[in-house]
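First the structure, in the form of structure tokens, and then the observations on it.
Source: prediction; values computed, not measured. Naming convention: chains lettered A, B, ... in sequence-line order (proteins, then strands); numbering from 1 in each chain.
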Amino acid sequence: MSKKVVATTSLAGCFGCHMSLLDIDERILDLIELVEFNKSPIDDIKTFTKRCDIGLIEGGCCNTENVHVLKYFRENCDTLIAFGECAIMGGLPAMRNNVDLQECLAEAYLTGPTTRNANPKKIIPNDDEIPQILNRVVPCQEIVKIDYYLPGCPPRADLIWLAVSALVTGNPLELPYEVIKFD
Amino acid sequence: MSETVTLTIDGKDISGIKGETIVQAAKRAGIYIPTLCDFDGVTSPGTCRVCTVKVDGRAAAACKTRVAEGAVVECDTPELNELRKMLIEMLFVEGNHFCPACEKSGNCDLQALAYRFAMMAPRFDYEFPDREIEARPKKLMIDRNRCVLCQRCVQSILTENDEPLFTVSNRGNKAIIEIDVKKADGIDDELAQKAMDICPVGAIIRKRKGFSEPIGTRKYDKTVIGSDIQG
Ligand code: SF4
Ligand code: SF4
């Protein structure tokens, strides 16, 4: 059996979900028997070099680059999994969703305690090269079709392991109560 | 002596005491009917509809429907469980439930129901409604982002003079829970704790008490909601 190909990315996330993926401890040795990694921050492959079976998405979409990467994953992966609260519902970044974007940027660059005196020219970064911040943080399934969801902040390592290994081997998935948690 | 009636729930004969609700009779018989707004089995506000069962083929809220002789109740069926799960998902998308940042996480009945029904993600789009937090009272705050408008607090938290501390303003999807700030500053710690405990979610929070229990030791970390009634 040829190995399944897995890609991963962190959009508007904190990399906590990726840390949890690494938290499967020595089972990572079993995992690399089952899969090979393609585009992922884990191996630093920047662009897809082949079609992938599984794409793991951490984080929601807070800027135009997140949207671009998410669509790029959908085009290149057969199955997309949103893992973690941010990918599923925007997570803590989405707490800004009811605050006006101008107000957010002003707080971050002009009036916040750490920038108030550190930005004398009152610059809010707006270079064309920099991704545009979206008006609100958008859950992944509002941008592309998501096939499966793994909740948690971060998702428990056991949840990621059980779900990904079941998907790769085709074995039935049985999830114990303790692994489905939203925090 | 109280009059007893016999009814069936999912084909099992149980006896109920005339006047009690289906939820109460089921509980005594060791059958769990999922509930959210019901808190003492007697004066349920009947707002959430999570306890919906079929009585003689018709949908009814089991927390408000009295037992009746010969009633045939369906509860644990794939159709009803899917409806319940959908209701729970709706409650999640109608508010702003950032569980990772919530003081009630692990002790929250809404979250625990989602765990019980293995909700991986709601099937509906999130609404991200704009809700204000009431933080003026010294001992309590109301985070309306998490309020499910069950009205438990309105019904059961009364001051020394038997006046309600919490009230509902507006109607429909504009309804919000208000607190009388003056009265709230006069309550003792015990009543403040009772208010936090009666709220099934993390909408009523005692100030300076959050996150005191470590993950792993909270009410629903390892225990499924309802397992105390039906193992
Ligand atoms: S109230 Fe319950 S469901 Fe809502 S954020 Fe808090 S823990 Fe989560
Ligand atoms: S504050 Fe809590 S108890 Fe009161 S209506 Fe909202 S959810 Fe129910």
Hey, is the main chain of Val5(A) close enough, under 3.5 Å, to the side chain of Arg51(A) for a donor-acceptor pair? no
Could you check whether Glu178(B) and Ser169(B), counting side-chain N and O atoms only, form a donor-acceptor pair closer than 3.5 Å? yes
Checking Glu132(B) side chain against Arg144(B) main chain: does a donor-acceptor pair fall under 3.5 Å? no
Could you look at Ile146(A) and say if it's the side chain, the backbone, both or neither that has a heavy atom under 4.5 Å from chain B? neither
Non-hydrogen atoms of chain B under 4.5 Å away: do they reach the side chain of Phe182(A), the backbone, both or neither? both
Identify which of Cys153(A), Pro139(A), Ala82(A), Pro151(A) forms the greatest number of heavy-atom pairs closer than 4.5 Å to chain B. Pro151(A)
Option in Met95(A), Glu178(A), Lys181(A) with maximal non-hydrogen atom pairs under 4.5 Å from chain B: Lys181(A)
Is the charged tip of Lys46(A) near the ring of Phe48(A): under 6.0 Å from the six-membered ring centre and within 45° of its axis? no
Short side-chain to backbone donor-acceptor contact, Thr64(A) and Pro131(A), under 3.5 Å: no
Is it the case that the side chains of Tyr32(B) and Asp76(B) hold a donor-acceptor pair, with the cut-off being a distance below 3.5 Å and no angle test? no
Portion of Ala94(A) that has a non-hydrogen atom of chain B nearer than 4.5 angstrom: both
Could you tell me if Asn38(A) and Thr49(A) have a donor-acceptor pair between their side chains, going purely by distance under 3.5 Å? yes
For residues 82-98 of chain B against chain A, heavy atoms under 4.5 Å, the residues are Phe92(B), Asn96(B), His97(B), Phe98(B)
Most contacts with chain B, counted as non-hydrogen pairs under 4.5 angstrom, among Glu85(A), Glu142(A), Gln141(A): Glu142(A)
Using non-hydrogen atoms only, which part of Val179(A) is less than 4.5 Å away from chain B: side chain, backbone, both, or neither? neither
Need one label for Arg123(B): side chain, backbone, both or neither, based on atoms under 4.5 Å from any heavy atom in chain A. neither
Please say whether the positively charged group of Lys122(A), taken as NZ for Lys or CZ for Arg, lies over the ring of Tyr109(A), i.e. under 6.0 angstrom from the six-membered ring centre and within 45 degrees of the axis. no
Within the side chain of Arg206(B), is there an N or O that forms a donor-acceptor pair under 3.5 Å with the backbone of Leu140(B)? no
Can you label the angle between the His18(A) ring and the Phe15(A) ring as parallel, tilted or perpendicular, going by 30° and 60°? tilted
